[in-house]
Amino acid sequence: MDPARTAAVVLVGGQGSRLRPLTLTTPKPMLPTAGVPFLAHLLSRIAAAGIRRVVLGTAYRAEVFEAFLGEQTTGGLEDLELECCPEPEPLGTGGGIRFAADALEPGYDEVVVFNGDILSGVDVRAVVGEHRAAGADATLHLVRVPDPTAFGCVPTDADGRVLAFLEKTPTPPTDQVNAGCYVFRRDVLDAIPAGRPVSVERETFPGLLRSGRRLQAHVESSYWLDLGTPASFVRGSADLVQGAAPTAALPGPVGTALLLAGAKVAPSASLTDGTTVGADVQIGDGSRVSGSVLMDGARIGDGALIERSVIGPGASIGDETVVRDAVVGDGASIGASCELLAGLRVWPGLVVPDGGLRFSGGA
């Protein structure tokens with residue numbers, strides 16, 4: 001990778017509505033994921049690929065990203081030349097790419113674009129290499145998924161040339177889907193209309209195909225996960241902790257659990273399946289936490305059970321309470337002997353009394 005030729009754009013402007021209430025105060029790419037903001041994991045992969053110049057296309061809570069960039073002096077990200085470009089109005093994926101890329105200096109004739117909510121093991125160097133070898137105008141990273149009906153799919157020919165962009169269908173002709181990582185020639189980016197919303201999936205790529213431009217596909221079977229829902233967020237964090245997903249930003253050794261500074265766990269408590277325990281979290285006697293994210297300052301009482309859930313910063317969970325596949329927002333207080341199950345979301349600051357929320361008839 002030639003850092004004087006190749007730059008990166010990361011799209012981080014979305015509101016993350018599917019992850020509310022966690023994203024009411026924190027943009028999705030800045031949510032603590034395996035101990036650090038998810039963006040740190042993505043930037044670590046970009047740095048490892050040899051790219052140095054990175055522009056973040058921001059919109060929602062742009063000031064949070066600005067503060068984060070000002071703190072990057074260690075952890076392998078200090079060599080990146082980072083810049084935020086807040087959109088003046090929502091511009092869509094294509095418009096956002098064009099707006100952010102306008103901040104790049106003229107010498108960068110190749111731009112790698114990343115969606116800021118995708119956890120991926122993509123070989124960035126290989127994608128760029130295929131782009132160059134094919135002489136492509138744009139190259140897309142595609143992944144094969146077991147159920148392509150949930151996605152738009154991208155059929156290709158025997159040489160890897162993209163043939164079409166298809167909407168979701170019950171009978172998809174291929175299991176290849178758009179994985180949210182692209183390589184563009186700079187002149188192709190410059191041709192995206194400026195100053196208005198543009199969808200790269202519905203306008204830019206189909207338009208390039210209609211005009212006979214070369215769109216190449218790089219198909220991999222590497223790790224890939226869209227972190228857009230609470231279930232996928234906790235899964236992605238657990239995979240990072242356990243080493244199933246690649247990162248150079250994990251603030252500790254790979255293992256069954258990650259504990260940050262000041263965390264206090266009772267000797268009789270158990271932590272399993274890639275749980276993250278944030279700074280100054282307290283976990284009481286006999287509590288069991290599995291595959292979950294406990295954010296900074298959370299409090300877990302005695303005998304609690306937390307499975308595949310997110311406990312927001314400063315939130316508290318009472319004794320003998322069960323939290324399974326649920327989200328507890330910032331500073332919420334859940335009393336003893338409650339049951340939070342099956343996708344339940346508790347908004348920030350809410351107080352639930354002892355036994356005040358249950359999914360069964362127990363006391």
Side-chain angles (χ1 to χ4, degrees), residues 1 3-17 19 22-33 35-120 124 180-184 186 189-190 192-200 204 226-228 247-249:
M1 196 81 70
R5 176 188 177 190
T6 307
V9 164
V10 183
L11 299 178
V12 291
Q15 295 191 13
S17 57
L19 273 169
L22 300 173
T23 51
L24 291 175
T25 56
T26 304
K28 178 166 52 175
M30 292 300 296
L31 288 173
T33 312
V36 296
F38 172 70
L39 182 59
H41 297 293
L42 176 54
L43 291 176
S44 79
R45 299 280 296 162
I46 293 172
I51 297 173
R52 292 293 173 263
R53 181 78 167 97
V54 183
V55 177
L56 305 181
T58 64
Y60 176 64
R61 301 300 302 269
E63 72 281 0
V64 178
F65 296 98
E66 294 279 5
F68 170 75
L69 297 192
E71 299 167 356
Q72 297 315 302
T73 57
T74 59
L77 305 185
E78 64 274 14
D79 294 331
L80 294 177
E81 184 183 346
L82 297 163
E83 179 180 358
C84 284
C85 284
E87 295 179 10
E89 59 181 334
L91 295 172
T93 51
I97 292 169
R98 168 64 193 271
F99 181 80
D102 281 347
L104 295 172
E105 295 74 15
Y108 294 105
D109 58 8
E110 192 174 66
V111 180
V112 188
V113 177
F114 300 87
N115 283 348
D117 56 0
I118 300 295
L119 178 58
S120 172
V124 178
C181 173
Y182 321 119
V183 185
F184 285 94
R186 183 66 177 275
L189 280 188
D190 290 343
I192 296 175
R196 70 168 176 85
V198 179
S199 167
V200 71
T204 303
D226 179 347
L227 298 185
T247 180

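In this text, all values refer to a predicted model and were calculated from it rather than measured experimentally.
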Requested in this report: Compare all side-chain heavy atoms of Phe65 with those of Met30 and state whether any distance is below 4.5 angstrom.
Outcome: yes
Query raised in the report: Are Leu82 and Leu43 close enough that some pair of their side-chain heavy atoms sits under 4.5 Å apart?
Result: yes
Report summary line: Minimal heavy-atom distance between Gly50 and Pro3, with the atoms involved, is O-CB, 3.8 Å
Report task. List in chain and number order the residues that pass salt bridge (Lys or Arg N to Asp or Glu O under 4.0 Å) with Glu110, two or more places apart in sequence or in another chain; answer none if no residue qualifies. Result -> Arg5, Arg132
Query raised in the report: How close do Gly228 and Leu19 get, heavy atom to heavy atom, and via which atoms?
Result: O-CG, 3.5 Å
Report task. Can you see which heavy atom on Val55 is nearest to which on Ala100, and at what distance? Result -> CG1-O, 3.5 Å
Query - Test item: Asp117 and Asp226 side chains (from C-beta on) under 4.5 Å apart, heavy atoms - result: yes
**Report entry** Where Ile46 and Ala8 come nearest, the two heavy atoms and their spacing
**Finding:** CG2-CB, 4.3 Å
Query raised in the report: Any side-chain hydrogen bond (donor to acceptor under 3.5 Å, both in side chains) pairs touching residues 87-97, not counting sequence neighbours?
Result: Thr93-Glu201
Report task. In sequence, state the C-alpha distance, the side-chain angles, and the governing distance for Leu56 and Leu39, and then conclude on side-chain contact (heavy atoms from CB on, under 4.5 Å). Result -> CA-CA 10 Å; Leu56 305 181; Leu39 182 59; 3.9 Å; yes
Report task. List in chain and number order the residues that pass side-chain contact (heavy atoms from CB on, under 4.5 Å) with Gln15, two or more places apart in sequence or in another chain; answer none if no residue qualifies. Result -> Arg20, Tyr60
Requested in this report: For Tyr108 and Arg186, run side-chain contact (heavy atoms from CB on, under 4.5 Å): C-alpha distance rounded to whole Å, both residues' side-chain angles, the deciding distance at 0.1 Å, then the answer.
Outcome: CA-CA 7 Å; Tyr108 294 105; Arg186 183 66 177 275; 3.8 Å; yes
Report summary line: CG (Leu31) and OG1 (Thr25) are apart, to the nearest 0.5 Å, by 8.0 Å
Report task. Please round to the nearest 0.5 Å and tell me the distance separating atom OG1 of Thr58 and atom CG of Leu11. Result -> 10.5 Å
Query - Which residues share a ring-ring contact (aromatic ring centres under 6.0 Å, His included) with Phe114, sequence neighbours left out - result: none
Query - Sequence-distant partners of Phe99, ring-ring contact (aromatic ring centres under 6.0 Å, His included), two or more places apart - result: none
Requested in this report: Flag the pair Thr204 / Arg98 as yes when at least one side-chain heavy-atom distance between them is below 4.5 Å, and no otherwise.
Outcome: no
Report task. With rounding to the nearest 0.5 Å, note down the distance linking CG in Asn115 to CD1 in Ile97. Result -> 7.5 Å
Requested in this report: Hey, can you tell me if Tyr182 and Phe184 have their rings parallel, tilted or perpendicular (30° and 60° cut-offs)?
Outcome: perpendicular
Report task. Work out which heavy atom in Cys181 is nearest to a heavy atom in Val112; give both atom names and the distance. Result -> SG-CG1, 4.2 Å
Report task. Among residues two or more places apart or on two chains, list those pairs meeting salt bridge (charged side-chain N to carboxylate O under 4.0 Å, His left out) that have a residue in residues 52-63. Result -> Arg53-Glu81, Arg53-Glu83, Arg53-Glu105, Arg61-Glu63
**Report entry** Considering all heavy atoms, the nearest Gly16-Thr23 contact
**Finding:** O-OG1, 2.7 Å
Report summary line: Between the CG atom in Leu91 and the CD1 atom in Ile192, the distance rounded to the nearest 0.5 Å is 11.0 Å
